[in-house]
Amino acid sequence: MSNSEQILVLVKPDGVARGLVGEVISRIEARGYVIAKLELRQATAELLAAHYAEHVAKPFYPALVEYMTAGPVVAMVVEGAQVITAFRTMAGATDPIKAAPGTIRGDLGRDWGTGEIRNIVHGSDSPESAAREIALWFG
Ligand code: IDP
Ligand code: MG
């Protein structure tokens, strides 16, 4: 498995609260990827500031921290060749309203009228991000 790669996947607090952990895991397993690590975790503001370093200065960041600390998340390391591209495709566009049907966000997400984006899952967007995020969550 020399060309295998790893991605950090989070089932975000809305996904855990809505009972969608099994659905997300089922989709990953059905696709043939391997769950190498899995843990229920409570994110802290400190961990999120590192995880979302690229977003810390953005206007939506305080609401993002509130969302991501509202309850536990399920953190996973998922493995397989091209799993980063594959999982990003499976997750769909950031905004569930724009995410295509067939994707996790497009099938399971909606606009809840809160003015915030609640989109069920996170997936690292590159091998560099994945290595950084896996070290943060599981290092
Ligand atoms: P991604 O999760 O699809 O990679 P990013 O642009 O990296 O999307 O944003 C990280 C997370 O920040 C999103 O999943 C979402 O929860 C939140 N977010 C991104 N853009 C906005 C926005 O414009 N308004 C509110 N929340 C946002
Ligand atoms: Mg991102």
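No hydrogens, no waters, no symmetry mates; every other heavy atom, side chains included, goes into these values. Atoms within a ligand are numbered from 1 in the order they appear, just like the ligands themselves. The first residue of the sequence shown is numbered 1, and numbering continues consecutively from there. Remember, it's a predicted structure, so these values are computed and weren't measured experimentally.
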Where do Leu10 and His51 land on the side chain to side chain contact (heavy atoms under 4.5 Å, CB included) test, with the steps shown first? CA-CA 11 Å; Leu10 302 177; His51 175 84; 4.0 Å; yes
Of all the non-hydrogen atoms in the protein, which one sits nearest to [atom], and at what distance?
atom: atom 5 (P) of ligand 1; result: His55 NE2, 3.4 Å
atom: atom 1 (P) of ligand 1; result: Thr94 OG1, 3.5 Å
atom: atom 15 (C) of ligand 1; result: Asn119 ND2, 3.7 Å
atom: atom 26 (N) of ligand 1; result: Phe60 CD1, 3.7 Å
atom: atom 4 (O) of ligand 1; result: Arg88 NH1, 2.9 Å

Given side chains that start at C-beta, do those of Thr69 and Gln42 come closer than 4.5 Å, heavy atoms only?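 Yes, their side chains come closer than 4.5 Å.
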Just so I know, are the side chains of Arg105 and Thr94 near enough to count as touching, which here means a heavy-atom distance under 4.5 Å?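 Yes. Closest side-chain heavy atoms under 4.5 Å.
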Residue among Tyr67, Phe60, Tyr61 satisfying ring pair (Phe, Tyr, Trp, His ring centres under 6.0 Å) with His55: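 Testing His55 for a ring pair (Phe, Tyr, Trp, His ring centres under 6.0 Å) against Tyr67, Phe60, Tyr61 leaves exactly one candidate, Phe60.
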Around Glu66, counting heavy atoms of other residues, nucleotides and ligands shown, do more than 12 lie under 6.0 Å from its CD?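 Not more than 12 within 6.0 Å, no.
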Are there more than 12 heavy atoms of other residues, nucleotides or ligands under 6.0 Å from atom CD of Glu39? yes
Can you name the closest pair of heavy atoms from Ala86 and Tyr33 and give their distance? CB-OH, 3.1 Å
Polar atom proximity, [X] to ligand 1 (N or O, under 3.5 Å):
X: Tyr52; result: no
X: Glu116; result: no
X: Lys12; result: yes

Heavy atoms only, cut-off 4.0 Å: how does Arg105 contact ligand 1, side chain, backbone, both, or neither? side chain
Which atoms of ligand 1 are found less than 4.0 Å from any heavy atom of Leu64?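 Near Leu64, the atoms of ligand 1 are 12 (O), 16 (O), 17 (C).
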